[in-house]
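Here is the structure we will look at.
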Protein chains: 2
Amino acid sequence: MKITYKGDYALKTILDLAGNFRSAPVAINDLSKRLDIPTKFLEQILLDLKRAGFVESRRGKIGGYSLAKEPAKITLGEVVRFIDGPIGPIACVDKQYSGCHDVESCVFRNIWSQVGNSISKIIDQVTFEDLLKRTNKANKTFNYQI
Amino acid sequence: MKITYKGDYALKTILDLAGNFRSAPVAINDLSKRLDIPTKFLEQILLDLKRAGFVESRRGKIGGYSLAKEPAKITLGEVVRFIDGPIGPIACVDKQYSGCHDVESCVFRNIWSQVGNSISKIIDQVTFEDLLKRTNKANKTFNYQI
DNA sequence: ATAATCTCTACTATGTTAGTAGAGTATACT
DNA sequence: AGTATACTCTACTAACATAGTAGAGATTAT
């Protein structure tokens, strides 16, 4: 697993929208400034997230993006997998890998599988509501109260 | 963490050499054929592994490579880190990451840290002797008996 | 109308990966 | 000595992924 900038940006964006759940939609521009993400890049990311059903949008003057589900119903794992692909540390765990003629008997495959499972165990349990709670100490850019 | 082909090849090579520990050195060509790794690529990998002290070499007619330490004294984690770099899923866990102005208070960083630790827990515990044992069922390309 | 905002496709610069190429050096054996 | 065998080292390259940029188009509130 490797978290790319795109993945990192996606997570931060969703967390922000989670904090503004049930409020007015947030404009790309606001998100871009607040989170320090290049606007045009963020546009693309948000479109992807929309197609995946994580967020919804509204066009026009008071348009913007908002979370499509409750923060408690989105896990870190879902988003990471969607943006950055499978969790396993090596392709052979997930799909065909040209370096392995003999995937079945490979001792390493077993290890990478364990690694994948142990990562999943963490990121599939954490929801954006959990993350929101952890952030809500001094930080008050959020409107949404859990 | 992402295991590249280079990393995958390095691990398979070391496992092979572990199976031939305390025997005659193995020629790159033999390793290359046996493990189905491009010869010239393997040359480079072996040089790297040599510089790191995992293997040692002997030139000339009966030359080749052999493991520099006992299989029980080399962990999977050491080799992976050396070839493919740090274990963490995102750069911010290990070093400066331009996407994070505020690394300290980042809720995600904490998660990635957990993920990194849980990966380490697995791969730093497994030695090449362990792997050898798991392979030694029907497979007998190995001379070294544990 | 028009200003603000999302939508969509295409393009590009940079870096990484997975090699290839070729000349050089050491050693065993005859 | 000479030669075959095998490691050593540096440089080059093709393909792909990442992290953006650019610009024209479609909606909506006022």
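Computed from heavy atoms alone, side chains included, the values below leave out hydrogens, waters and symmetry copies.
- OP1 or OP2 of dA18(C) lies within a sub-4.0 Å distance of a side-chain N or O belonging to Thr4(B).
- For Asp124(B), the salt bridge (charged side-chain N to carboxylate O under 4.0 Å, His left out) test picks out Arg81(B), with sequence neighbours left out.
- With rounding to whole Å, Met1(B) atom CE is found 19 Å from dT16(C) atom P.
- Straight-line distance from the CD1 atom of Ile83(A) to the P atom of dA17(D): 16 Å, rounded to whole Å.
- The distance between atom CG of Asp8(B) and atom C1' of dT17(C), rounded to the nearest whole Å, is 14 Å.
- Note on Ile62(A): it does not cluster hydrophobically with Val26(A), by side-chain heavy-atom contacts below 4.5 Å among ILVMFWY residues.
- Annotation: salt bridge (charged side-chain N to carboxylate O under 4.0 Å, His left out) contacts involving residues 52-68 of chain B, sequence neighbours excluded, are absent.
- Listed by residue number, Leu47(A), Lys50(A), Arg51(A) are the residues of residues 45-55 of chain A with a heavy-atom contact under 4.0 Å to DNA chain C.
- One side chain, Ser118(A) or Ser118(B), offers a donor N or O that lies under 3.5 Å from an acceptor on the other.
- Nucleotide dT17(C) holds its P atom 7 Å from the CG atom of Asp84(B), rounded to whole Å.
- Not a single donor-acceptor pair, N or O on each side, falls under 3.5 Å between the base of dC7(D) and the side chain of Glu43(B).
- Computed from coordinates, the Tyr5(B) OH to dG19(C) P distance equals 7 Å when rounded to whole Å.
- Ring-plane geometry between Tyr9(A) and Tyr5(A) is classed as perpendicular, the angle between the planes exceeding 60 degrees on a 0 to 90 degree scale with a lower cut at 30.
- The base of dT21(D) is paired with the side chain of Gln44(A) by a donor and an acceptor separated by under 3.5 Å.
- Ion pairing between Lys69(A) and Glu78(A) holds under the 4.0 Å rule for side-chain N and carboxylate O.
- When the P atom of dA17(D) is taken as reference, atom CD1 of Ile3(A) falls 18 Å away, rounded to whole Å.
- Nucleotide dA17(D) holds its C1' atom 11 Å from the CZ atom of Phe41(A), rounded to whole Å.
- Qualifying ring pair (Phe, Tyr, Trp, His ring centres under 6.0 Å) partners for Phe54(A), counting only residues two or more places apart in sequence or in other chains: Phe82(A).
- A salt bridge does not link Lys2(A) to Asp84(A): none of the charged side-chain nitrogens sits closer than 4.0 Å to a carboxylate oxygen.
- Rounding to whole angstrom units, CG of residue Asp36(A) and P of dG20(D) are separated by 10 Å.
- Taking 4.0 Å as the cut-off between side-chain N and carboxylate O, Lys12(A) and Asp8(A) count as a salt-bridged pair.
- In this structure, CG on Leu67(B) lies 11.0 Å from OG1 on Thr13(B), to the nearest 0.5 angstrom.
- Interface residues of residues 57-70 of chain A facing DNA chain C, ordered by number: Ser57(A), Arg58(A), Arg59(A), Gly60(A), Lys61(A), Gly63(A), Gly64(A), Tyr65(A); criterion, heavy-atom separation under 4.0 Å.
- A donor-acceptor contact closer than 3.5 angstrom is absent between the side chains of Asn110(A) and Ser113(A).
- Residue-to-nucleotide contacts include a donor-acceptor pair under 3.5 Å from the side chain of Lys40(A) to the base of dG23(D).
- In this structure, Lys121(B) places its NZ atom where only 12 or fewer heavy-atom neighbours from other residues, nucleotides or ligands lie under 6.0 Å away.
- For the contact set between residues 23-30 of chain B and DNA chain C, defined by any heavy atom under 4.0 Å, there are no members.
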